[in-house]
Amino acid sequence: MTFMIKVNGNMHNVEVEGDTPLLWVLRDVLGMTGTKFGCGMALCGACTVHVDGAATRSCVTPVDSIGNSEITTIEAIGATALGARVQKAWLDREVVQCGYCQSGQIMSAMAFLAGNPRPTDADIDDAMSGNICRCGTYLRIREAIKQAAESI
Amino acid sequence: MALNHATSRPADPEQAGSVYQLSRRRFLQVAAAAGGGLMLSLRLPCADNAAEAADSSEFVPNAFIRIGGDGRIILTMPYVEMGQGTYTAIPMLIAEELEVGLHQITLEHAPPDERLYANPLLGVQATGNSNAIRAAWQPLRQAGATARLMLVEAAARRWGVDLASCQAQAGEVHHSPTGRRNTYGELAADAARMPVPENVVLKRPGEFRLIGTPAKRLDTPAKVNGTAVYGIDARPPGVRIATLAQSPVFGGRLKSVDDTAAMAVAGVRQIVRLDDAVAVVADHMGAAKKGLAALSIEWDDGPHAALDTDAIMAELERATLRSGAVAQDTGDVTQAMASAASRIEASYQLPFLAHATMEPMNCTVDVRPDGCEIWVGTQALARVQAAAASTAGLPLDKVVVHNHLIGGGFGRRLEADGVARAVQIARQVAGPVKVVWTREEDIQHDMYRPAWFDRISAGLDGKGRPVAWNNRFAGSSVIARWLPPAFNNGLDPDTTEGAIDLAYDLPNVHVEYVRVEPPGIPTAFWRSVGPSHNVFVTESFMDELAAAAGQDPVAYRLALLDRAPRAKAVLALAADKADWGQPLPDRTGRGVSLQSVFATYLAQVAEVEVSKDGEVRVRRVVCAVDCGIVVNPDTVRAQIQSAVIFGITAALHGAITLKDGRVEQANFDTYEMLRMNEAPMIDVHIIQSAEPPGGMGEAGTSAIVPAVTNAIHAATGKRLRRLPVDPAVLKQPA
Ligand code: FES
Ligand code: FES
C-alpha cells in the first residue's frame, strides 16, 4: 500500500504494508537513521519521535495510524528554539556517552518540556523513566533537562 | 577537532622518504608523509596480555600521526569510541606535548589493513579491559614531543637561529627575538628531514596545560542531532534488511522450516537457511520481523535440550570441592587457620549476565566473488576481519571492514560471532544485506558474563584481625577461549583480578581457581570482567569479617591498610564524604567497598533503603577514586556514574537463566535495566595523583555491587551471598 506521511515538514510517499511500524519506515525506507531501534516493544524509548508534538514510540506505531499527523524526528529538532536549547543543554552538561539512546532521550525530554516548562526532579523522573540508557547517563540527563527548562 | 570515520588507509610509511628508528624499543618511526608532511608511525600496545608482551622485534605500527603541509594534524588510532571518552582523551596526550590545541587534531579510525596487520595477533587491535589510556599514556606523549622537537629544529635551521631561542606554541614555532613565526604546516616537510631525537623529555604533571582539564567531549555534537552513524545505520546502496532466529538451545540445529506464509509477507525477498539458524531477508526490518514470525521452524535441540542454570550452579559448587590452580599462596594458610581464634566461612554465587548494549547486534555484509565488505561497530577490528575472511573463505586482504561508532560495547563487541553469522547469511544473498538482531535474539544469543561459585573462609585472631584467607572459586575463563596464549597453568590475569593481591594486609592468603566451562552457554568479557565477580566476593566477605569481629566495616578495613596508602586514602575520603557513622532511618543503611583493580583505587559508599516488600532503592552513592593522573576529569566522573548505574543494574536486576536449554529472559521486561526513577545521586571525589593513569571504563562497576549488598545488610541484617538481590528475602515479616 502507499501511504503519504509528513516527516519534518516534508511529504513522503511510502510503499509498505499498513501495519509496518513507523520506525522502519523512517530508518529503512526513508533512510533517516537518527531514530534508533532498541527493543521493538515500547520498553526502551530509543525510537521516540514526535507525532503532532507528542512523544511516541515509533517501534509500535503502525504507519497506517499516522494519517495527516506531523512527524518530527531528531534530525529536525535543532531548527526549533526548544530543540536547540535542549541540544545545547545536552552538550553543556556532557550528557552523552555511547550516544545510542540519546535521540530518544532528547525527543522525550523535548515533548515533556513543551508541556511542563518548570519541572521538578520527580516530574523529570516520571517523564523520562520510559527511556533506558545502558550507559547510565541519567543524572546528567536530569541536569540537562533542568538547564533547558531554566533557559525557556 | 573533527571526527572522521574514514576507512581509507593512512599514507604508507614505506612509500615515503627515509625511515628513522627512534629507539631500541622500536615503538616509533618518523618519515616524510606523502604530499610533503611529517608522518610518525607508532606501535601502541592494545591489550595487556602475554601475547603482546612476547611480541617480536618486527615493527608493525598501528597508530599514525600526520602533520600535513596544510597544517592539519591527523591521528589514526586503533582504539574505538564506545562512549568512554577515548576519542577525546587520546588526542589530549598528543596535543599536550605537540603544543597544539585539541581542536587542531582530526581523528580517524584505523582501518584493518593487511599490510599493517599482516599477522593480526588475536586481541591486538581491540579496545577493552580499560586499557586505552593506560596503554597510550607514554607512547603518545613521546610521539607528540618528538614531532615538536623536530618542528622546532626545522624552524631553527631555516632561520639560522639557536634552537633554544625558538618556542613551540599553538601549532606554530616562534622566534621571539626576531618575531619570526612558522606554522607546523609550513615546517612539516623540513621537519621530516631532521634527525630524530634519541631522547625526549616529557612534561612533569605540574606543567600540563591540557591533561587534567575538563575538555569537552569531541564526539558529542553528532550524537544529539541524529547524524552520528553507528554500525546499525550503515546503508550501502541496494542494502536489504535481514533478521534471524538462531537455535534457541545453544548447539541445536535447524531441522525444518516452512516458509510459505513468510514468503507471502509483502517486502520479504528470501529465506536463508543455515545449519543452526534461519534468516528472513526483506526490504525493511518491519517486513523481515513479520516474515520471521510467520515461519514455522522445527529445531533439533541437540545435547543441551535439558540444561538449566541450577544444574550449572550445582556443578560449579561441586567444582569448588576439588583443588584448582593456585593463583596466590602467601604465608601458611593451613597453619594460620589452625591457630586462629575463630573461623568464618561462606559461599557466594553470581549469575550469568547479558550485555544488552543499547544498539542490538548487527552487521552489514556484501559478499562478492572477489571479496567481501563489512560495515559494523566493533571493539576488535582485526578479529572481526579474520572471522569474516575465514567464514567467507577469502584471504584476509579481500575483506574490507568499515568500523563505526558503537552503541555500547561492554565487551560484547570484542566478539566476532555476529560478524561471522552475518557473513554466513550474506553468502547466500546477492548484494549487501544488513543483519539486525531483534532485542530478543540479542539477549538470548549473547555471550554471557560467566556465572561463579565461591567458597571462602578466614581465620581471625583474638582481636578480630584476619590472619588467614582462603578462597576457591569456579567458573569459566573467557581469556582461555579469547586469547589462549594468556591462559597459563590453569590461570589467566582477568579471572583472578580482584581476588588476589588485595590491598589489605593479609599475612596468609591462599587463592585457587577451578576452571569449569559450562555446557551449552557461551561466555565472554563483560564490563569489568573478573573484578565484577571477585570484588563482590572479597568485599562482601570483608564485611562479614568486620561483623564477626564486632567492628565498624570502615574502621576494620582501614586498620588493614597501613601498607596501602592509596587504598587507605580513597576509603577514608569516601567514608568522610558519605557521612559514614551518621544515624539513618529504619531499614536504611550504608555499605562500603574498596577495590584496587585496573591500576585504579576506588572506594564506594552506597546508601540504600529497603521497603517493607523488600524492594531496594539505592539513594546515594559516594565514590572516591585515585586513578593516577587524570587526563580528563569530567570523563572520569562520567565513567564512574555510568559504571555505578551499570553495577546497580546487575546487583538488583541482572540474571540470565536457562530452562530446557533456553535463555528465559528476552527483552527489557524480563532483563531489566535501571531507569532514571531508580538512579541514585552519585558523588565522585577524585584524588590528585602523580601516578600513571589507571583504567576507568570498568572500575566502578565492580565496587558498587558489594557496597549495595553491604548496605542492605546494614539496613536489614540480611547478608546476601547470591546475586541478584532477591526482594523476597528482604520482606519485612508481618
Ligand atoms: S525501540 Fe521503541 S521503545 Fe524500544
Ligand atoms: S548513552 Fe549509551 S545508551 Fe545512553
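Computed from a predicted model, the values in this text were never measured in an experiment.
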Passes salt bridge (charged side-chain N to carboxylate O under 4.0 Å, His left out), D28(A) versus R240(B)? Steps please.
CA-CA 9 Å; D28(A) 294 344; R240(B) 301 238 190 255; over 6 Å; no
Let me confirm one number: the SG-CD1 distance from C135(A) to I645(B), rounded to the nearest 0.5 Å.
11.0 Å
Quick check on L91(A) against chain B: is it the side chain, the backbone, both or neither that has a heavy atom closer than 4.5 Å?
both
I need the residue from V265(B), L674(B), T227(B) with the largest number of non-hydrogen atom pairs under 4.5 Å to chain A.
L674(B)
Taking non-hydrogen atoms and a cut-off under 4.5 angstrom, which of residues 120-134 of chain A neighbour chain B?
I124(A), D125(A), M128(A), S129(A), G130(A), N131(A), I132(A), R134(A)
Residue pairs passing the ring-ring contact (aromatic ring centres under 6.0 Å, His included) test with at least one member in residues 2-25 of chain A, sequence neighbours excluded, are W24(A)-F37(A)
Is chain A contacted by the side chain of V644(B), its backbone, both, or neither, given a heavy-atom distance below 4.5 Å?
neither
Going by the ring-ring contact (aromatic ring centres under 6.0 Å, His included) test, which pairs reach into residues 74-105 of chain A, not counting sequence neighbours?
Y100(A)-Y230(B)
Turns out that what part of E17(A) lies under 4.5 Å from chain B's heavy atoms comes down to side chain
Test side-chain contact (heavy atoms from CB on, under 4.5 Å) applied to Q639(B) and Q97(A), step by step:
CA-CA 9 Å; Q639(B) 280 296 302; Q97(A) 296 208 16; 3.3 Å; yes
Chain B contacts, top residue of G40(A), S103(A), G78(A), G31(A) (heavy-atom pairs, under 4.5 Å):
G31(A)
Please state whether the side chain, the backbone, both or neither of T20(A) comes within less than 4.5 Å of a heavy atom of chain B.
side chain
N-O pairing of D634(B) and R93(A) below 4.0 Å
no
Working for side-chain contact (heavy atoms from CB on, under 4.5 Å), residues R27(A) and I241(B):
CA-CA 11 Å; R27(A) 287 184 53 84; I241(B) 313 294; over 6 Å; no
Indicate yes or no for a side-chain donor-acceptor contact from Y138(A) to the backbone of S642(B) under 3.5 Å, with no hydrogens or angles considered.
no
Do you know which of P360(B), G267(B), A288(B), P680(B) has the most heavy-atom pairs with chain A at a distance under 4.5 angstrom?
P360(B)
Can any side-chain N or O of K223(B) pair as donor or acceptor with the backbone N or O of Q102(A) at less than 3.5 Å?
no
Check whether any side-chain heavy atom of R439(B) sits under 4.5 Å from a side-chain heavy atom of M41(A), and report yes or no.
no
The interface call for R142(A) against chain B, heavy-atom contacts under 4.5 Å, is both
Quick one: does V224(B)'s side chain get under 4.5 Å of I106(A)'s, heavy atoms only?
yes
Side chain to side chain contact (heavy atoms under 4.5 Å, CB included) partners of R412(B), counting only residues at least two apart
H355(B), T357(B), M361(B), E415(B), D417(B), W437(B), D446(B), M447(B)
